[in-house]
Amino acid sequence: MTTEPTPILHDENQIIAERRAKLSALRKEGIAFPNDFERKNLAGALHAEFGEKSHDELEAAHVTVSVAGRMLLKRVMGKASFATVQDMSGRIQLFISNGDTGEEAHNAFKHHDLGDILGATGVLFKTKTGELSVRVTQLRLLTKALRPLPEKFHGLTDQEQKYRQRYVDLITNEETRKTFIIRSKVIQAIREFFARHDYLEVETPMLHPIPGGASAKPFITHHNALDMQMYLRIAPELYLKRLVVGGFEKVFEINRNFRNEGVSTRHNPEFTMIEFYEAYRDYKYLMDFTEKLLAEVARKVLGTTVISYQGRELDLGKPFHRLTMVQAVQKYHPQFSDAQLNDRDFLINELQDLKAKYNPKDAVGGLQLSLFEELAEHQLFEPTFIVDYPVEVSPLARSSDAHPEITERFELFVVGRELANGFSELNDPEDQEARFDAQVMAKDAGDEEAMFKDGDYIRALEYGLPPTAGQGIGIDRLVMLLTDSAAIRDVILFPHMRPES
RNA sequence: GGGACGUUAGCUCAGUCGGUAGAGCAGCGGACUUUUAAUCCGUUGGUCGCCAGUUCGAAUCUGGCACGUCCUACCA
């Protein structure tokens with residue numbers, strides 16, 4: 001198999017040609033891409049330290065600074081000019097004049113283009129409108145930009161280009177930068193939370209000989225040296241529980257899962273989850289733990305637990321709702337009685353009337369789940385734990401001692417979307433083997449998403465997995481929630497796209 | 001997968017009834033030493049997504065294809 005090289009983009013135009021000519025002139029003059037400029041100050045720090053100082057205070061202090069960044073705005077007025085440069089911390093205005101830099105340097109500046117990377121040394125001052133600026137004494141072009149930036153006021157608006165050329169989106173769009181800064185802080189806050197609770201962060205394989213830990217279609221790949229088929233992982237679950245068998249009683253992993261399924265505003269083929277496992281805990285402990293985790297993350301990242309999502313408000317600081325699937329259905333459809341919702345024929349009738357998808361072989365629990373998904377799931381805007389999942393759709397979860405047909409499992413829904421899934425782990429190896437066998441039968445019957453049997457995982461359980469609780473949280477969806485993003489692609493730097501034609 | 005819509009200058013967008021392409025920004029030239037999306041004057045820049053068809057004539061009408069956006073269904 002050969003790999004196609006990235007096609008060379010034949011989209012040269014007049015603007016690029018003119019910039020190439022400028023670069024060519026720079027090469028003749030000397031080093032066109034110098035790397036010896038010493039940047040000593042960040043725009044954000046300068047505004048923080050000197051933004052409130054008066055014009056006279058700044059003149060008296062005579063603060064010399066060296067800043068660097070990309071030029072985004074340029075205003076030339078004959079013998080003096082203003083420019084706005086942007087670095088990782090923000091923007092700062094430069095004042096360049098014949099008087100301060102000399103006519104030759106100022107004339108050179110006039111030929112610099114929006115998008116060029118500049119390095120400037122000078123003295124801080126305030127303009128007569130009160131804007132903190134650098135009166136430049138030395139100005140250097142550090143990197144010539146050959147391609148023009150998008151229109152300076154509207155920026156890049158085309159969604160496709162924002163995704164394909166995220167670097168341009170990041171240059172011009174403050175909201176995009178903010179989203180990904182929040183994403184980074186979310187992950188940092190999660191790590192801090194787990195570290196404080198004495199969890200061990202681990203890395204388990206992403207190339208799996210047997211895909212396990214979830215019901216999903218895997219990506220298939222091939223290992224040449226071993227000449228074997230491998231799968232990109234759909235979930236780390238079975239490896240993490242092996243580690244609990246090994247004595248790492250509190251473990252977590254934050255990384256990518258891959259699922260060979262549809263792409264939508266809520267689904268990307270590779271997505272980030274945190275999965276964590278803690279021995280000697282159960283699913284009820286996990287629900288309390290999750291409330292604390294999400295409230296803390298929101299507080300650390302946003303400074304508040306009250307968040308606005310797509311125009312509606314919710315509070316991650318309050319206890320989350322806890323409902324069974326039946327109760328959730330009744331919340332939005334109080335006309336259904338307990339007896340009706342536990343009657344198999346009634347459920348099938350309702351599902352048929354709703355033209356909902358369901359498996360006619362399902363027992364009451366599976367039918368309740370189908371009805372819940374049809375009638376309630378999308379309405380669960382405020383954080384809600386749904387509990388009592390049927391055993392047939394929960395092959396890795398421990399059965400309830402009182403009701404063996406249901407499991408000690410919950411899913412957390414927020415803004416109508418599943419955000420987390422957790423349960424008391426099934427640690428009975430013989431029960432687990434029987435559940436795997438049932439999955440294999442379903443797979444043989446045509447269920448593409450049914451699980452494979454993992455013999456080594458059974459063997460690990462046979463050594464003894466302590467009573468354990470485990471959970472997965474979708475990081476992308478959590479970031480969507482905290483950044484008020486409508487699409488998962490808005491929180492993934494380089495979302496999956498078809499190749500450019 | 002199903003449906004709706006979109007693709008015009010580097011970017012943001014107009015484009016009437018089918019009559020041969022427009023603006024702003026950016027660029028280039030000029031004026032301007034406190035601007036804030038600077039302003040003013042002049043000016044370059046187009047395979048109208050691609051391929052067919054209808055027509056004397058297509059950015060515009062028809063069909064197909066590609067890519068995308070939104071809605072919808074499903075896995076998180």
Side-chain angles (χ1 to χ4, degrees), chain A residues 9 11-19 21-22 55 72-84 91 93-101 103 106 110-111 113-115 125-131 133 135 145-165 168 172 213-218 234-235 256-275 355-357 373-374 377-378 393 411-414 417-421 447-449 472-478 480 486-489 497-501:
Chain A
L9 302 172
D11 59 349
E12 293 283 331
N13 59 50
Q14 183 190 3
I15 292 174
I16 293 176
E18 280 163 358
R19 290 184 177 214
K22 290 177 183 177
H55 176 271
L72 297 181
L73 295 170
K74 179 186 176 189
R75 297 176 286 279
V76 177
M77 302 167 302
K79 298 187 179 63
S81 300
F82 287 95
T84 301
R91 296 179 176 192
Q93 181 169 261
L94 307 181
F95 178 75
I96 305 108
S97 70
N98 286 0
D100 296 308
T101 62
E103 190 172 345
H106 185 219
K110 291 178 186 174
H111 291 95
D113 294 298
L114 297 186
F125 78 110
K126 281 231 167 144
T127 64
K128 66 183 181 189
T129 54
E131 179 164 349
S133 307
R135 190 190 311 276
L146 294 177
R147 287 176 182 268
L149 291 177
E151 202 248 7
K152 62 191 171 189
F153 187 56
H154 296 93
L156 205 54
T157 60
D158 182 66
Q159 280 301 331
E160 179 184 355
Q161 281 199 59
K162 282 164 70 80
Y163 297 147
R164 286 194 195 279
Q165 294 183 260
V168 178
T172 59
S215 301
K217 282 176 236 161
I234 56 175
R256 229 63 65 79
N257 292 343
F258 305 86
R259 299 192 183 173
N260 206 340
E261 292 165 353
V263 177
S264 79
T265 50
R266 288 169 286 282
H267 300 90
N268 196 60
E270 51 181 298
F271 65 100
T272 300
M273 280 192 53
I274 174 168
E275 280 204 16
K355 293 177 181 143
K357 278 187 189 167
E373 287 171 350
E374 186 70 20
E377 177 173 331
H378 298 291
V393 297
E411 289 194 355
L412 172 62
F413 293 88
V414 188
R417 283 199 286 265
E418 184 185 343
L419 188 66
N421 176 23
D447 182 352
E448 280 186 275
E449 295 185 355
I473 301 174
I475 298 291
D476 310 281
R477 290 184 177 180
L478 177 59
M480 285 170 72
I488 197 167
R489 288 170 156 192
M497 304 283 281
R498 276 178 211 269
E500 285 180 82
S501 55

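Just so it is clear, the structure is predicted and the values come from calculations on it, not from any experiment.
Under 3.5 Å, the side chain of Thr127(A) and the base of U35(B) form at least one donor-acceptor pair of N or O atoms. In terms of polar N and O atoms assigned as donor or acceptor, the side chain of Gln93(A) comes within less than 3.5 Å of the base of U35(B) in a complementary pairing.
For the strand RNA chain B, secondary-structure stems (runs of at least three Watson-Crick or G-U pairs, all distances below 3.5 Å) span B:1-7 with B:66-72, B:10-13 with B:22-25, B:27-31 with B:39-43, B:49-53 with B:61-65.
Taking for each of Arg135(A) and Ser215(A) the nucleotide of RNA chain B with the nearest heavy atom, the 5'-most of the two is the partner of Arg135(A). With RNA chain B read from its 5' end, the first of the two nearest nucleotides for Pro148(A) and Gly99(A) is the one closest to Pro148(A).
When the side-chain nitrogen and oxygen atoms of Lys152(A) are compared with OP1 and OP2 of C11(B), none of them lie within a distance under 4.0 Å. The side chain of Lys110(A) places no N or O atom within less than 4.0 Å of a non-bridging phosphate oxygen (OP1 or OP2) of G30(B). Here Arg75(A) does not reach the OP1 or OP2 of U35(B): none of its side-chain N or O atoms lies under 4.0 Å away. OP1 or OP2 of C13(B) sits under 4.0 Å from a side-chain N or O of Thr157(A). When the side-chain nitrogen and oxygen atoms of Lys22(A) are compared with OP1 and OP2 of C28(B), one or more of them lie within a distance under 4.0 Å.
Residue contacts for Ile473(A): at a heavy-atom cut-off of 4.0 Å it reaches no nucleic acid atom on any strand shown. Asp113(A) comes within contact range of the sugar-phosphate backbone alone, with a heavy-atom separation under 4.0 Å but no base atom that close. Gly474(A) comes within 4.0 angstrom of no nucleic acid atom, judged by non-hydrogen atoms across all strands. Across all strands shown, Asn260(A) has no heavy atoms under 4.0 Å from either base or sugar-phosphate atoms. Residue Asp476(A) is out of contact with every strand shown, counting any heavy-atom pair closer than 4.0 Å. Among the heavy atoms of the strands lying under 4.0 Å from Glu261(A) is at least one base atom, whether or not backbone atoms are also near. Using a 4.0 Å heavy-atom cutoff across all strands shown, Gly155(A) reaches sugar-phosphate atoms only and no base atom.
Between Glu275(A) and Ala235(A), the closest heavy-atom pair is OE2-CB, 3.8 Å. The two atoms that bring Lys126(A) and Gly130(A) nearest to each other are CD-O, 3.4 Å, heavy atoms only.
Phe153(A) has its CZ atom 21 Å from the P atom of A23(B), to the nearest Å.
For the pair Arg147(A)/Ile16(A), a side-chain contact is recorded, criterion being any heavy-atom separation below 4.5 Å from C-beta on. Within the 4.5 Å cutoff, the side chain of Arg75(A) has heavy atoms near those of the Gln93(A) side chain.
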* Structure fact -> Per-nt protein contacts along nucleotides 44-49 of chain B (heavy atom under 4.0 Å; B base, S backbone sugar-phosphate only, - none) come out as BS----
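Across the P atoms, G49(B) and A58(B) are found 15 Å apart, a figure rounded to whole Å.
For Asp476(A) (side chain) and Thr272(A) (main-chain N/O), a donor-acceptor pair under 3.5 Å exists by modelled atom type. A distance-only check finds a donor-acceptor pair linking the side chain of Lys74(A) to the backbone of Lys110(A) [under 3.5 Å]. No donor-acceptor pair under 3.5 Å is formed between the side chain of Lys22(A) and the backbone N or O of Leu146(A). The main-chain N or O of His154(A) is found under 3.5 Å from a side-chain atom of Glu151(A) such that the two form a donor-acceptor pair.
Checking G68(B), A37(B), C11(B) against every side-chain atom of Arg489(A), the shortest atom distance belongs to G68(B). Closest approach to the Phe82(A) side chain among C25(B), C67(B), U34(B) is made by U34(B) (side chain taken as heavy atoms from C-beta onward). Among the nucleotides U12(B), C67(B), U69(B), the one closest to any side-chain atom of Arg164(A) is C67(B). The side chain of Ser264(A) has C74(B) as its nearest neighbour among C74(B), U12(B), C67(B). The Val76(A) side chain lies nearest to C32(B) when the options are C32(B), A26(B), U33(B). Among U69(B), G68(B), C71(B), the nucleotide with an atom closest to any side-chain atom of Tyr163(A) is U69(B). Closest to the Pro150(A) side chain, of the nucleotides C11(B), C67(B), C28(B), is C11(B). Side-chain atoms of Ala80(A) lie closest to U33(B) of the nucleotides A37(B), U69(B), U33(B). Of the candidates G24(B), U35(B), U33(B), U35(B) carries the atom nearest the Glu131(A) side chain, counting heavy atoms from C-beta on.
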* Would Ser215(A) and Glu449(A) count as a side-chain hydrogen bond (donor to acceptor under 3.5 Å, both in side chains) if you check the C-alpha gap in whole Å, the side-chain angles of each, and the deciding distance to 0.1 Å? -> CA-CA 5 Å; Ser215(A) 301; Glu449(A) 295 185 355; over 6 Å; no
